[in-house]
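The next block holds one structure in the form of structure tokens; read it before the comments.
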Amino acid sequence: MRSFFRKKDVVLIILIFVVLIFSILVSEKKGSKVVVQGKDFRRILSKPGTYDITENGRFLMKVEFHGNRVRVVESTCPLKLCVKTGWVGPGGTIICVPNEVIIFFEEKTDYDTVTW
């Protein structure tokens, strides 16, 4: 009787898992800073945790940041679209129009722009 997997199949599966684990570990290090920018303020989050975002003493939102992802937990905007956006990673952006707040990852690169 023939076995389900051959040696080549097992080697290929192990190789795929190694590449997957490596890509996860590399992506954890990117995007270590999150910028929360509003009309009159700019705040850089570099340590994981939950932060209250206020402007002139008025509570706008609560932001949760964990290494390579960020989300808005609570907001004072009426539709809560920024809360419904959920977790966003490097390259993603959360925009809250009523509160005039933009949340994005700040990544340092050696180039000015990316062309296709």
Side-chain angles (χ1 to χ4, degrees):
M1 187 169 173
R2 220 173 90 184
S3 66
F4 189 68
F5 290 116
R6 296 184 192 161
K7 277 187 175 181
K8 291 179 183 179
D9 295 334
V10 173
V11 170
L12 182 64
I13 290 171
I14 291 173
L15 183 64
I16 289 172
F17 278 119
V18 168
V19 170
L20 180 67
I21 290 171
F22 179 74
S23 67
I24 289 172
L25 292 176
V26 169
S27 69
E28 294 273 333
K29 296 178 182 177
K30 290 184 180 177
S32 60
K33 289 184 182 177
V34 171
V35 178
V36 181
Q37 186 169 340
K39 187 176 179 181
D40 296 329
F41 68 92
R42 178 181 170 98
R43 185 169 179 187
I44 298 176
L45 312 177
S46 57
K47 295 180 183 175
T50 305
Y51 298 89
D52 288 338
I53 307 301
T54 59
E55 183 177 36
N56 299 327
R58 184 175 69 98
F59 175 79
L60 296 177
M61 62 180 55
K62 185 177 286 198
V63 176
E64 188 176 355
F65 170 54
H66 287 289
N68 67 339
R69 41 189 216 153
V70 65
R71 72 175 176 160
V72 176
V73 180
E74 180 184 341
S75 178
T76 58
C77 62
L79 294 178
K80 311 274 191 255
L81 293 177
C82 53
V83 177
K84 293 175 185 174
T85 301
W87 289 103
V88 173
T93 303
I94 299 175
I95 299 173
C96 183
V97 176
N99 287 333
E100 298 177 359
V101 176
I102 300 174
I103 302 170
F104 61 94
F105 280 85
E106 184 176 73
E107 298 181 46
K108 294 188 177 192
T109 59
D110 295 335
Y111 49 84
D112 292 335
T113 186
V114 177
T115 58
W116 295 54

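Just so it is clear, the model here is predicted, and its values are computed rather than measured.
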*Heavy-atom pair with the smallest gap, counting every atom of Phe65 and Lys47*: CD2-O, 3.4 Å
*I would like to know whether Val101 and Glu55 meet side chain to side chain contact (heavy atoms under 4.5 Å, CB included); could you show each step before the answer?*
CA-CA 10 Å; Val101 176; Glu55 183 177 36; over 6 Å; no
*What's the shortest heavy-atom distance between Asp52 and Phe59, and which atoms?*
OD1-CE1, 3.8 Å
_ILVMFWY network linking Val18 to Val10, side-chain heavy atoms under 4.5 angstrom_ = yes
*asked:* Tell me whether Ile14 shares a hydrophobic cluster with Val11, the cluster being built from Ile, Leu, Val, Met, Phe, Trp, Tyr side chains joined at under 4.5 Å.
replied: no
*Does the side chain of Phe41 reach to within under 4.5 Å of the side chain of Thr54, using non-hydrogen atoms?*
no
*Cluster check Val73, Val88: I/L/V/M/F/W/Y, side chain < 4.5 angstrom*: no
*Which heavy atom in Arg71 sits nearest to a heavy atom in Gly86, and how many Å separate them?*
CB-O, 3.4 Å
*Tell me whether Val70 is reachable from Ile95 by hopping between hydrophobic residues (I, L, V, M, F, W, Y) whose side-chain heavy atoms are closer than 4.5 Å.*
no
*If two hydrophobic side chains count as joined below 4.5 Å and joins carry through other members, does Ile94 share a cluster with Val83?*
yes
*asked:* On a heavy-atom basis, which atom in Lys80 and which in Ser75 lie closest, and how many Å separate them?
replied: NZ-O, 2.7 Å
*Rounded to the nearest 0.5 Å, what's the gap from CG on Asn99 to CD1 on Ile53? Could you check?*
11.0 Å
*When clusters are formed from ILVMFWY side-chain contacts under 4.5 Å, directly or step by step, what else is grouped with Leu79?*
Leu81
*Gap separating the NE2 atom of His66 from the CH2 atom of Trp87, nearest 0.5 angstrom*: 4.5 Å
*Under 3.5 Å, side chain of Thr76 to main-chain N/O of Leu60, donor-acceptor pair present?*
yes
*Rounded distance [0.5 Å steps], NZ in Lys7 versus CG in Leu12*: 15.5 Å
